[in-house]
Amino acid sequence: MSSEDRVSKPDAGMDAPSSSSWADEATNAADASSAPPSVVAQAEQDMNDMAKAQTDGAAGGDAGIIEPSYDVNVKLSDQLSDLQADPNDPLFSTTSFDALGLSDDILKGIYQMRFTKPSKIQERALPLLLRNPPTNMIGQSQSGTGKTAAFVLNMLARIDINLLQPQALVLAPSRELARQILGVIEVMGQFIQGLTVQAAIPMEREKRPNSFTAHIIVGTPGTVMDVARRRALATQNIRVLVLDEADNMLDQQGLGDQCHRVRQSLPPNIQIVLFSATFPKQVTTFAERFAPNANIITLQHQELTVDGIKQLYLDCPSEESKYDVLVKLYGLMTIGSSIIFVRTRDTALAIEQRLNAEGHQVACLTGAFEPSQRDLIIDAFRTGKAKVLIATNVLSRGIDVQTVSLVVNYDLPDNGRGEADPQVYLHRIGRTGRFGRVGVSISLIHGPMSFRMIQDISRYFGIEMTALPNDDWDRVEALIKRVIKSSRAGSNFKTGHTDIDM
Ligand SMILES: Nc1ncnc2c1ncn2[C@@H]1O[C@H](COP(=O)(O)OP(=O)(O)OP(=O)(O)O)[C@@H](O)[C@H]1O
């Protein structure tokens with residue numbers, strides 16, 4: 001397994017957790033997890049309200065058009081303006097981009113992307129990031145709230161365009177995320193004459209550059225470590241280092257060692273910027289050591305979930321029946337785009353083959369594929385050529401495809417010891433509901449272990465998850481369809497907190 005595969009939890013050849021104890025506890029779990037009628041009725045009411053609000057507020061007319069997410073990707077919307085005017089929303093801000101002291105070329109890039117106002121994290125982080133002398137930052141905000149633009153704008157503002165040397169380096173945990181960030185830099189920096197950006201990610205031998213000389217380098221830690229060691233990357237003028245998904249990057253079980261080695265190859269007094277939606281306690285100390293004396297913007301667990309994402313779970317009668325649920329969900333999954341998260345590469349391949357053999361069209365992306373294959377698959381997903389993607393945790397973080405309206409946790413994320421991994425859960429479901437949009441996540445559970453896991457996740461974030469009825473598929477389908485369809489009917493922004501409050 002290459003280092004770039006190690007996103008949050010390795011997806012390599014592990015078997016799914018054994019559910020042998022299920023037979024004994026089946027009745028309990030089924031009782032405990034089948035939803036009382038009032039919960040289901042409440043869910044139905046909420047989803048009807050949400051769907052109605054979406055349809056009422058929809059501008060209409062863009063159904064079927066799918067744009068690459070890093071291109072011109074934000075539709076101007078009155079609904080978004082409403083969210084950005086709500087002090088309780090993570091997209092709220094009182095300032096404008098104009099007030100941040102950015103150059104005209106950078107501002108043109110921002111407005112070309114149709115960003116009208118900063119989000120909360122952008123409003124709070126940017127003045128601190130841009131201040132001189134540069135200060136380190138550890139920044140946390142909910143998934144899909146615009147952290148990328150915050151660190152990209154800081155880098156663009158700090159580049160000396162006349163110095164043809166790498167000056168800023170971004171590390172991301174997967175090649176897909178590194179390529180996405182590179183795309184954002186290119187679009188945002190398109191009016192800065194002479195700006196160059198280069199990816200340092202695993203490539204087939206014949207495509208590998210001999211040297212990395214662009215102003216901004218975006219890469220995965222293993223490759224960056226390698227090119228720095230081979231002196232193919234001149235590091236002496238690098239003055240900004242960004243770790244996106246920083247908690248994952250500093251995790252000592254994963255990419256931590258490589259990130260530390262990259263850091264050691266850079267000049268001592270550089271600005272270090274760490275961003276993520278999650279900073280679990282065990283990583284905080286590492287983060288503070290990695291980015292000393294940083295300005296810190298953090299959130300409580302309870303503030304982390306995005307309220308535009310309707311979180312559901314379905315108690316399946318058997319492990320095998322989870323597959324049947326996928327088949328039933330297929331029609332809903334193709335209204336927008338969907339990601340099905342599984343635990344292992346083997347499961348991903350097995351489900352892909354079975355669904356395709358049965359006449360459904362699905363794609364699959366895991367760390368087992370060749371780099372060029374991975375690029376083709378994610379690009380097909382971004383442009384809507386592939387609408388349903390089965391993936392391991394390799395895609396759980398950072399991927400921004402605005403058409404994703406449904407995330408399915410076929411297997412719940414676990415920490416390898418049979419316990420839930422709330423952080424990975426949060427990142428996975430955060431692939432939908434981006435920047436004020438609505439989305440649905442459905443976790444398929446079976447047996448007491450996964451029931452306990454979903455309870456632990458719900459307790460961790462202080463949220464109530466909604467159980468779908470497991471004996472009335474027509475009703476489940478109608479409920480989900482209304483939300484997803486309305487989200488494709490026009491601009492799929494949520495229209496206020498009450499739409500989706502439980
Ligand atoms: N100020 C803004 N106005 C409108 N749209 C924005 C703004 N800032 C960012 N966006 C859009 O919001 C989406 C989510 O942004 P981004 O991918 O940076 O989120 P994130 O906070 O990094 O999420 P994650 O934690 O999942 O990585 C992107 O499509 C981006 O173009």
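Atoms within each ligand, like the ligands themselves, are counted from 1 in listed order.
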Min N/O separation [X] to ligand 1 under 3.5 Å:
| X | result |
| --- | --- |
| Lys147 | yes |
| Arg434 | yes |
| Gly146 | yes |
| Gly144 | yes |
| Gln180 | no |

Does ligand 1 have an atom under 4.0 Å from some heavy atom of [X]?
| X | value |
| --- | --- |
| Arg397 | no |
| Arg114 | no |
| Glu245 | yes |
| Phe275 | no |

> Could you state the interatomic distance from CD1 (Ile216) to CE (Met155), rounded to the nearest 0.5 Å?
Replying inline: 4.5 Å
> With His301, which of Phe461, Phe279, Tyr460 fulfils ring-ring contact (aromatic ring centres under 6.0 Å, His included)?
Replying inline: Tyr460
>> In terms of relative ring orientation, are Phe97 and Tyr111 parallel, tilted or perpendicular, with 30° and 60° separating the classes?
In response: perpendicular
